[in-house]
Amino acid sequence: PIAVPQPRPGARTWGGRVACIRQGGPQQVAAPQELYLPPATLFVASFIGPPAMNLLEATVERGDGGPHVCFGPHRLLAGDQAVRDHPGLERYLGRKVVLGIRPEHLFDYHEDGKPGYGRIDAEVDVVEPMGMETMVHFFMDGTPLCARCEPTTPAAPGEMLPLTVDLNNMHLMDPASGK
């Protein structure tokens, strides 16, 4: 038989609760999935991965149909689920925020019209085939971003690629406090 090295589990696999510590102080202590999905701070959002959460400067604006999240050249309707999941969304109206989107909530564009889903166009920088998925790297306003796409994605370096942003799974954080 051929000896195949097995991956070693990390803290998120072994621990029922994980502490994410920065400069000697706890940032968040929670179950592994809680660290991943609703991170308490920008540090936790950028640290837990891989890949890390995409973090962008954004604003929340009032618009037809409800709040819109605006970043780069994009203005996307948040959708009812995003509003329900973020009951304080209205308090961000007109303010700068940090928009967090995990790579799996940024994927190949499908015209399905689901509420809370929006379209962005990205100029592809790097395509990283991983077997079951393809990581597509691009920049928006100088910020590096990553999308988790299908293995058959038509992404190619230097080409424009339409992507879906799932704002139902967005995270908004205060840039001043980091929370």
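- For R119 and Y109, the positive end sits near the middle of the six-membered ring, less than 6.0 Å away and at most 45° from its axis.
- Within the 3.5 Å criterion, the main-chain N or O of P115 finds a donor-acceptor partner in the side chain of N168.
- Looking at every heavy atom in both residues, L55 comes nearest to S46 through CD1-CB, 4.0 Å.
- Closest non-hydrogen pair, D64 versus L77, comes out as O-CD1, 3.9 Å.
- Residues V60 and C70 fail the side-chain proximity criterion, which asks for heavy atoms closer than 4.5 Å.
- Using modelled atom types, no side-chain atom of T153 and backbone atom of E150 make a donor-acceptor pair closer than 3.5 Å.
- Between the side chain of Q27 and the backbone N or O of R22 there is no donor-acceptor pair closer than 3.5 Å.
- Nearest heavy-atom pair, A155 versus L161, reported as atom, atom and distance to 0.1 Å: CB-CD2, 3.7 Å.
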Could you walk me through whether D108 and T164 pass the side-chain contact (heavy atoms from CB on, under 4.5 Å) test, one step at a time? CA-CA 6 Å; D108 289 298; T164 298; over 6 Å; no
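- Remark: the backbone N or O of K179 is not paired with any side-chain donor or acceptor of D174 at under 3.5 angstrom.
- In this structure, F138 is a member of the same hydrophobic cluster as F71, with clusters built from ILVMFWY side-chain heavy atoms closer than 4.5 Å.
- F107 and V127 end up in different hydrophobic clusters when Ile, Leu, Val, Met, Phe, Trp and Tyr side chains are linked at under 4.5 Å.
- Two different hydrophobic clusters hold M173 and L76 under the rule that ILVMFWY side chains link at heavy-atom gaps under 4.5 Å.
- Residues V44 and M53 have side chains not in contact (no heavy-atom distance under 4.5 Å, counting atoms from C-beta outward).
- Salt-bridge check for R75 with E61: passed, with a basic side-chain N closer than 4.0 Å to an acidic carboxylate O.
- Aromatic ring orientation, F43 versus F47: parallel (interplanar angle below 30°, classes split at 30° and 60°).
- Interatomic distance, NE2 of H74 versus CG of L163, reported as 9.0 Å (0.5 Å rounding).
- Listed for the D121 side chain is no donor-acceptor partner under 3.5 Å among the backbone atoms of M160.
- Salt bridge D166/R102: absent, no basic N to carboxylate O contact under 4.0 Å.
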